[in-house]
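Protein chains get the first letters and strands the later ones, always in sequence-line order, with residue 1 at the start of each.
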2 protein chains.
Amino acid sequence: MYMSSKLLRGSLETIILKLLSEHQELYGYEITQLVEEQTTGGIKLTQGALYPALHKMEAKGTLSVETRSIGNRYRKYYSLTKKGKTEVAKLLNEMEQFLASLQLILNPKTA
Amino acid sequence: MYMSSKLLRGSLETIILKLLSEHQELYGYEITQLVEEQTTGGIKLTQGALYPALHKMEAKGTLSVETRSIGNRYRKYYSLTKKGKTEVAKLLNEMEQFLASLQLILNPKTA
DNA sequence: CTCATATACATAAGGTTCTTAGGTATAAAT
DNA sequence: ATTTATACCTAAGAACCTTATGTATATGAG
């Protein structure tokens with residue numbers, strides 16, 4: 001499990017929040033599967049990046065956790081807090097602004 | 001002079017190479033101006049990020065430098081080496097792939 | 001004419017965020 | 001029975017940036 005691109009730097013948190021804004025709750029491993037599926041393998045998260053990110057977001061108060069037993073195992077289900085919902089909107093907005101700027105560099109108007 | 005977004009992490013080198021693929025030669029300060037103009041202020045490079053990046057790219061062999069006197073001052077003009085031209089293509093390709101993947105997360109097909 | 005701002009280079013300390021590498025344990029598949 | 005998948009975790013180190021600072025010349029405003 002690897003991440004594939006240093007371009008991902010800085011966008012992991014936004015990606016996690018965005019997915020949780022569409023799924024109500026997700027556990028860590030599930031997030032890595034979702035990202036890989038939705039991007040058809042284009043983006044693969046490393047666990048070394050994912051878990052610390054989740055813990056950080058929980059500490060910040062944007063995510064809440066509920067540990068649930070599945071047979072002899074457990075999963076930690078994450079969901080957005082109220083603060084998290086505000087944060088998604090903010091980060092998605094920032095990302096769109098940035099991507100728009102980046103497009104201006106990548107595709108300069110030939111006008 | 002500030003950078004505005006942690007999302008820029010990892011894309012600075014690509015941006016510099018892309019601009020030099022369109023301008024033949026540019027000096028450092030000129031690059032910061034160009035980026036700010038082309039993105040209408042959306043992206044502002046910091047000198048603390050720019051100059052080390054230029055030095056690193058020169059060391060890697062993707063850029064060549066020519067120091068030129070302008071009155072009592074000097075400017076360091078950078079241009080793409082042969083290796084640099086190959087690198088631009090590669091990095092632009094990687095960035096497009098990544099952005100395409102990112103779009104799949106941001107705008108999941110509702111189909 | 002003087003003082004602030006713009007131009008133009010540079011480095012260094014520190015922080016964030018990742019990679020890489022390891023560790024533990026259960027479940028399923030070959 | 002052994003490998004692969006699931007599912008959590010941490011730690012050392014690297015990479016890349018921010019912030020702060022330094023130096024020096026040129027220009028513009030009052």
Next on the checklist: Looking at A:Tyr51, I'd like to know whether one of its side-chain N or O atoms comes within less than 4.0 Å of OP1 or OP2 on D:dC8.
Outcome noted: yes
If you define the side chain from C-beta out and look only at heavy atoms, does anything of A:Phe98 sit under 4.5 Å from A:Ser11?
no
By side-chain hydrogen bond (donor to acceptor under 3.5 Å, both in side chains), A:Ser64 pairs with (sequence neighbours left out) A:Ser79
Contacts of B:Lys85 meeting side chain to side chain contact (heavy atoms under 4.5 Å, CB included) (sequence neighbours excluded), chain-then-number -> B:Leu80
Distance test, side-chain N/O of A:Lys56 to OP1/OP2 of C:dT16, below 4.0 Å: no
Separation of D:dA5 atom P from A:Gln33 atom CD, nearest Å, is 10 Å
Short N/O separations, protein against nucleotides 28-30 of chain C, under 3.5 angstrom:
none

Separation of C:dT7 atom P from B:Lys44 atom NZ, nearest Å, is 13 Å
Report all side-chain donor-acceptor pairs from residues 71-78 of chain A shorter than 3.5 Å, counting only partners two or more places apart or in another chain.
{"from": "A:Arg75", "atom 1": "NH1", "to": "A:Tyr77", "atom 2": "OH", "distance (Å)": "3.0"}

Review point. Linking I/L/V/M/F/W/Y whenever their side-chain heavy atoms sit closer than 4.5 Å, directly or via other members, would A:Leu104 and B:Leu34 fall into one cluster?
Key: no
A:Leu26 atom CG is separated from D:dT6 atom P, nearest whole Å, by 16 Å
note: B:Leu54, atom CG; C:dA8, atom C1'; distance rounded to Å ~ 12 Å
Does OP1 or OP2 of C:dT11 have a side-chain N or O of B:His55 closer than 4.0 Å?
-> yes
Smallest heavy-atom separation, B:Val35 atom then B:Ile43 atom, equals CG1-O, 3.4 Å
Sorted by chain and number, sequence neighbours left out, side chain to side chain contact (heavy atoms under 4.5 Å, CB included) with A:Glu96 holds for none
When the rotation axes relating C1' atoms of four end pairs to the next four are compared across the helix from C:dC1-D:dG30 to C:dT30-D:dA1, five pairs an end, they differ to 10° by 30°
Contacts of B:Glu30 meeting salt bridge (Lys or Arg N to Asp or Glu O under 4.0 Å) (sequence neighbours excluded), chain-then-number -> none
Any side-chain heavy-atom pair from A:Thr62 and A:Val88 closer than 4.5 angstrom? no
Separation of D:dC9 atom C1' from A:Ile31 atom CD1, nearest Å, is 15 Å
Residue set satisfying salt bridge (Lys or Arg N to Asp or Glu O under 4.0 Å) with B:Glu66, at least two apart, ordered chain then number -> B:Arg68
For B:Glu22, the side-chain hydrogen bond (donor to acceptor under 3.5 Å, both in side chains) test, sequence neighbours excluded, returns B:Lys18
Within residues 66-79 of chain B, those residues having any heavy atom closer than 4.0 Å to DNA chain C are B:Arg73, B:Tyr74, B:Arg75, B:Lys76
Smallest heavy-atom separation, A:Leu20 atom then A:Leu26 atom, equals CD2-N, 3.6 Å
Atom OH of B:Tyr29 and atom P of D:dT25 are separated, to the nearest Å, by 17 Å
Please tabulate the protein-to-nucleotide N/O contacts below 3.5 Å involving nucleotides 20-22 of chain D, giving atom names and distances.
none

In whole angstroms, the gap separating C1' of D:dT19 from CG of B:Leu50 amounts to 16 Å
message = Check this one for me: any side-chain N or O of B:Tyr27 less than 4.0 Å away from OP1 or OP2 of C:dA8?
response = yes
Distance-only donor-acceptor pairs under 3.5 Å for side chains of residues 53-61 of chain B, two or more places apart:
{"from": "B:His55", "atom 1": "ND1", "to": "B:Tyr51", "atom 2": "O", "distance (Å)": "3.3"}
{"from": "B:Lys60", "atom 1": "NZ", "to": "B:Glu13", "atom 2": "OE2", "distance (Å)": "2.8"}

Given side chains that start at C-beta, do those of A:Lys90 and A:Asn93 come closer than 4.5 Å, heavy atoms only? no
Rounded to whole Å, the CZ-C1' distance (A:Arg9 to C:dT16) equals 8 Å
